[in-house]
Structure formats: C-alpha cells, structure tokens
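Please read the structure below before turning to the comments.
In the text below, chain A, chain B and the rest are named by the order of the sequence lines, each starting its count at 1.
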Number of protein chains: 2
Amino acid sequence: MATGRTHRPATRSRGIPEATVARLPLYLRALTALSERSVPTVSSEELAAAAGVNSAKLRKDFSYLGSYGTRGVGYDVEYLVYQISRELGLTQDWPVVIVGIGNLGAALANYGGFASRGFRVAALIDADPAMAGKPVAGIPVQHTDDLEKIIEDNGVSIGVIATPAGAAQQVCDRLVAAGVTSILNFAPTVLAVPDGVDVRKVDLSIELQILAFHEQRKAGEEAGPDGAAPTAATRKESTDQGPEGDVPAVMPA
Amino acid sequence: MATGRTHRPATRSRGIPEATVARLPLYLRALTALSERSVPTVSSEELAAAAGVNSAKLRKDFSYLGSYGTRGVGYDVEYLVYQISRELGLTQDWPVVIVGIGNLGAALANYGGFASRGFRVAALIDADPAMAGKPVAGIPVQHTDDLEKIIEDNGVSIGVIATPAGAAQQVCDRLVAAGVTSILNFAPTVLAVPDGVDVRKVDLSIELQILAFHEQRKAGEEAGPDGAAPTAATRKESTDQGPEGDVPAVMPA
DNA sequence: CGGTGTGAACGTCTTCACAGCA
DNA sequence: TGCTGTGAAGACGTTCACACCG
C-alpha cells in the first residue's frame with residue numbers, strides 16, 4: 001500500500017480519468033466482437049448497450065481520447081479498436097509471469113483472454129519443487145529460486161500473484177526488486193510496495209461479501225418497517241454497481 | 001424512498017454509500033487478523049494501515065455504521081468484527097452454486113475464503129456429462145440439467161458463473177429464472193438481467209489491461225517530454241493515477 | 001492528552017441537454 | 001436530420017481540520 005502519502009496537488013487536464021481507463025477494456029471487448037462480425041460502424045447508443053454502460057458516459061469517455069467519431073453516423077469500428085488498443089498499450093507485447101501455480105494460477109495460465117490482448121505468459125513460477133518442469137497450459141513450471149533470473153531474462157514488468165496469502169508479500173518484494181512495476185494480486189492480502197509500483201487486487205471473497213450485503217438488504221426490504229412494496233420501480237434503477245470496475249473493483253477489485 | 005431523497009436521521013440508517021460497502025470486507029479481513037492475534041483494540045490509524053486505506057476514510061466509513069469507537073482509545077476489535085459481519089450479512093449462511101467447473105471453477109470451489117466467511121458451496125454444476133459425479137473440492141459435480149432443482153432445493157440466491165463466455169448469458173437466465181438474485185460473473189460477457197438482480201463481474205484480462213495502461217505511461221515518461229507520441233500530440237501529461245489503494249505520483253522534474 | 005466523529009471543502013464521476021457538424 | 005462532442009449541473013466520494021469526549 002505504499003505508505004508514502006502522495007498527494008496530488010491539482011489536476012492537469014490532459015490525463016484520462018481513471019474511471020474512463022477502467023472502462024476502455026470493456027469498450028474494446030465490445031468493439032472486437034463487432035469487428036469479428038464485420039460491422040463497419042456503431043453509434044454510441046449501440047456500443048454502449050453492448051458494453052453495458054449508458055451512451056452519455058461512453059461519449060464522454062471517448063471525448064478524452066480525441067474526436068474519433070463522425071457526427072450523424074457513429075464510430076468506425078476498426079479505427080476505434082486501434083485507437084483504444086494503442087491508448088491501453090496493447091499494441092505492444094507484455095510478457096507476464098504468474099507466480100503460484102495452484103488451481104487459480106493454472107486457470108490463469110489457461111485463460112485465453114490474456115494471449116488475445118497482447119499479454120504473453122512468459123513463465124510460470126511455483127515454490128513447490130515437485131511442480132518444477134511440469135507443463136501447465138503448455139508452459140513448464142519453474143522454481144521460485146530462479147524468479148529474479150526469469151524476470152530479467154524476459155524483461156517482465158507485469159507480475160501476477162496467485163500464491164497463498166502468506167507468501168504474497170515475500171513474492172511481491174522479490175518481483176519488485178527484480179524490476180516488476182505492475183502487480184495483479186489475487187492473494188487476500190494488502191501488499192506494501194514502493195512508490196512507482198502499481199498494484200491491482202482481485203479478491204474473490206470480497207466480491208461475494210458485497211453481493212451478500214445487497215442480498216441481505218433485498219430480503220430485509222420485503223418485510224420492511226414502512227410496509228412499502230419494494231419491487232422494482234420503488235427503488236431507483238439500482239442493481240447497477242456491476243459494470244464498475246473497481247474498484248472494486250474489483251476485486252479488488 | 002422515492003426520488004432518492006433519503007435523508008439520514010443520524011444513526012442506524014440503511015443508506016451506506018456503495019464505496020463504503022466495498023471497503024467493509026477489507027476492514028473485516030484486517031480485523032479478523034487482529035482478532036486472531038488477540039489484539040483487544042485498534043486505533044483508526046493502525047487499522048487503516050492494515051487495510052491499506054487512510055484513517056480519515058476509515059473513520060468516515062465507520063461513522064455510517066454507527067458510533068462504535070471510544071474516543072481517546074480506538075475500536076474494540078471483537079465488537080467491530082461482529083458489527084461489520086452483521087452489516088454485510090455474514091452472520092447468516094449463504095448457499096452458493098458455482099456453474100462451470102473448468103480450471104477457474106475448480107479454483108473457486110477450492111478457495112478457502114468462501115467457506116470462512118459464511119458462504120457455503122451448495123453445489124457445483126457443469127454442462128459436461130463426463131464431469132458429472134466427479135468430486136471437485138470434495139463436492140460431486142452435477143449436470144446442468146438439474147440446475148433449477150438444485151437452486152430450489154438448496155434455497156440458493158447467489159450464483160457464480162465461471163463458464164466460457166458463450167454459455168454465460170444462458171446460464172444466467174436459468175439461474176435468475178430459478179430464483180437467484182445475485183450473480184458473480186467471471187465470464188468476459190456483459191450479462192443482461194432483470195431489475196432486482198445484482199451482478200458483479202470479475203474480469204481477469206480487464207485488470208491486466210488497466211495495468212498495461214499505467215505501465216505504458218511509466219515507460220513513456222522515462223523517455224522525457226519529447227518522447228515519441230505516435231499520433232496524438234496531446235499525450236505525455238502525467239497525473240499518474242494508481243488503481244487502488246495508494247498511488248505513485250510520478251512527477252516531471 | 002489522544003483519538004473518534006463529523007461538518008465543510010474539495011475533487012472526481014455521471015448525467016443532462018443542446019450546440020454544432022457530417 | 002441524426003448523432004457526436006462537450007459545457008454545465010449535479011451526485012458521489014475523499015480529505016481536511018477541529019470540536020468533542022473518554
């Protein structure tokens with residue numbers, strides 16, 4: 001968590017808002033699907049529906065990237081795919097290491113969504129000597145002892161931690177020391193990292209707990225104190241905090 | 001409740017901000033760790049550090065739950081664990097089904113974080129007949145055909161979708177029709193659900209893409225202000241905005 | 001004195017509504 | 001005409017700073 005309290009004074013306005021960045025992958029996915037169906041153009045309304053957001057938000061988001069649409073027509077699918085990919089840095093190759101090849105690590109190694117988006121699983125690393133050499137998703141697992149060498153040899157700057165909670169901080173420290181500056185953490189731990197290192201977390205049980213909160217509230221409302229029937233229209237459009245990353249994220253979110 | 005006016009009459013209001021709800025599991029995890037070390041009380045400063053947030057935010061968050069602290073002392077760990085658990089609805093049992101027992105589904109079934117927080121894996125469901133009967137994490141996999149019966153028999157209201165993208169919407173529809181009102185979606189798809197159903201999504205590749213965005217920006221900054229900006233001349237502005245917890249501020253000199 | 005609880009200031013994100021262009 | 005792009009308004013979230021109390 002980077003103990004240093006870095007305060008950002010004022011806002012330079014040319015940066016893309018974080019909330020927008022978090023939605024770009026969503027738009028990209030929807031656009032890729034359209035591209036595969038050879039759809040040449042989309043309106044903000046259509047694309048927004050496909051991405052699960054509203055159209056005003058989508059247009060605002062795109063306005064931060066530039067004016068890539070045509071008034072009266074919509075957006076050129078191919079062009080937009082390229083622009084968003086470039087903005088996200090997906091036009092380059094990102095070698096990634098996954099540390100901790102348990103159930104989750106194996107799932108990640110097999111996950112097709114990585115390779116298709118410019119990410120390349122450069123190595124799988126596990127602390128269990130019995131795993132060493134065993135191929136997972138066609139990639140032989142290597143031992144933690146060689147972690148630093150692997151990072152350096154492959155020029156890895158992004159690491160994925162899928163170890164048990166107890167090992168996560170130690171692995172994180174070694175990754176950072178070896179040159180990794182972005183970490184995706186699946187272990188249920190708060191990682192301490194130096195300034196300049198980004199950590200995103202995905203915590204499976206946190207997501208469930210948030211669902212439980214809302215679930216409980218639904219149940220409570222049905223027998224609510226003021227007796228009002230709570231079904232649908234009574235509340236606002238609710239149900240909507242799904243599409244947001246974050247945060248929660250994710251897991252994190 | 002109409003028109004969202006909802007003024008909070010001081011204490012015990014059901015209007016907890018979503019951002020706060022998303023952090024409660026984090027506090028709970030930190031508190032549980034303290035509880036296990038038999039620490040009787042914590043200050044907001046200490047607990048905030050353990051949870052990876054700042055203390056003002058934590059105090060504000062807790063203020064929405066009520067006044068559970070003691071001025072000059074801090075918070076009673078056990079009491080707070082109970083209050084947060086109750087608020088999140090974790091004092092009751094939540095039967096959960098996992099649909100799609102591939103690598104990821106198996107990882108989820110084995111994930112200890114579920115069981116330890118009031119969630120009980122009531123059933124594992126997969127469309128592959130060859131999987132039927134095979135035990136994963138000690139629970140026999142059942143076939144999709146029996147989905148509705150399983151949901152009803154177990155009173156399941158929370159479902160986890162870990163299927164391939166193509167099957168997700170269909171599975172979702174069946175879950176909802178059978179009575180599920182909260183869904184945690186791991187498939188890279190936007191799910192359409194009726195009002196009253198909550199969906200949270202965890203997308204592994206989206207998280208990596210967000211990291212790539214920041215990673216790219218770091219690399220670009222090292223190259224200096226006149227570094228290559230392919231098309232847009234308006235890029236290069238910093239405002240390094242970290243994903244979660246704490247954020248590195250990469251400042252231009 | 002030390003640390004909580006909270007109004008008020010501030011910043012960020014979303015939504016509205018319409019000007020302006022193809 | 002139809003849809004993008006965007007200022008302005010509003011909702012939401014975070015941080016500040018200090019009153020208040022054990």
Side-chain angles (χ1 to χ4, degrees), chain A residues 5-13 15-24 27 41-49 51-76 79-80 83 236-238 240-241 243-249, chain B residues 3-13 15-24 27 41-49 51-76 79-80 83 234 239 241-247 249:
Chain A
R5 184 109 318 267
T6 5
H7 148 280
R8 191 180 335 292
T11 22
R12 287 295 198 263
S13 26
I16 300 177
E18 188 59 27
T20 295
V21 171
R23 280 187 295 267
L24 291 181
Y27 301 143
T41 60
V42 259
S43 67
S44 63
E45 202 70 52
E46 294 164 329
L47 184 53
V53 303
N54 71 57
S55 63
K57 198 185 282 185
L58 178 142
R59 288 201 303 279
K60 188 62 128 183
D61 284 342
F62 285 0
S63 79
Y64 293 117
L65 309 183
S67 289
Y68 294 148
T70 307
R71 289 164 198 249
V73 178
Y75 300 92
D76 182 282
Y79 186 57
L80 207 44
Q83 290 299 344
K236 48 179 184 180
E237 67 272 11
S238 68
D240 202 19
Q241 73 282 358
E244 305 308 323
D246 97 302
V247 207
Chain B
T3 340
R5 195 49 347 152
T6 326
H7 57 290
R8 311 186 307 99
T11 25
R12 200 59 57 82
S13 157
I16 300 177
E18 188 57 30
T20 295
V21 172
R23 282 187 294 266
L24 291 181
Y27 301 143
T41 60
V42 261
S43 67
S44 63
E45 201 70 52
E46 295 164 329
L47 183 54
V53 303
N54 70 57
S55 62
K57 197 184 283 184
L58 178 141
R59 287 200 304 278
K60 188 62 126 183
D61 284 342
F62 285 180
S63 79
Y64 293 118
L65 309 184
S67 289
Y68 295 149
T70 307
R71 292 171 196 242
V73 178
Y75 300 91
D76 182 283
Y79 186 57
L80 207 43
Q83 290 299 343
T234 50
T239 314
Q241 178 58 298
E244 291 283 275
D246 237 5
V247 191

Among residues at least two apart in sequence or on other chains, which ones pass ring pair (Phe, Tyr, Trp, His ring centres under 6.0 Å) with B:Phe62?
B:Tyr27, B:Tyr75

Between the protein and nucleotides 18-22 of chain D, which nitrogen or oxygen pairs are less than 3.5 angstrom apart?
from	atom 1	to	atom 2	distance (Å)
D:dC20	O2	B:Arg71	NH1	2.8

For A:Phe62 and D:dT6, what is the distance between atoms CZ and C1' respectively, to the nearest whole Å?
15 Å

Could you pull out all residues at least two apart from A:Glu46 that satisfy side-chain hydrogen bond (donor to acceptor under 3.5 Å, both in side chains)?
A:Ser43

Short side-chain N/O contact to C:dA22 OP1/OP2 from A:Tyr75, under 4.0 Å:
no

By side-chain hydrogen bond (donor to acceptor under 3.5 Å, both in side chains), which residues pair with A:Thr41, not counting sequence neighbours?
none

Out of D:dT6, D:dT15, C:dC13, which has the shortest distance to the side chain of A:Glu18?
C:dC13

Taking only N and O in the side chain of B:Ser44, is any of them less than 4.0 Å away from OP1 or OP2 of C:dT4?
yes

Can you sort out the partners of A:Ser55 under side-chain contact (heavy atoms from CB on, under 4.5 Å), two or more places apart, ordered by chain and number?
A:Ser44, A:Glu45, A:Ala48, A:Arg59

Of all the nucleotides listed (D:dT6, C:dG5, C:dC13), which has the minimum atom distance to the side chain of A:Pro17?
C:dC13

Just compare C:dG3, D:dT15, C:dT14 and give me whichever is closest to any side-chain atom of B:Ser43.
C:dG3

Hey, does the side chain of B:Asn54 come within less than 4.0 Å of D:dT14's phosphate (OP1/OP2), counting only N and O?
no

Taking for B:Lys60 and for B:Gly74 the nucleotide of DNA chain C with the nearest heavy atom, the one nearer the 5' end belongs to B:Gly74

Between D:dT4 (P) and A:Tyr64 (OH): distance, integer Å:
17 Å

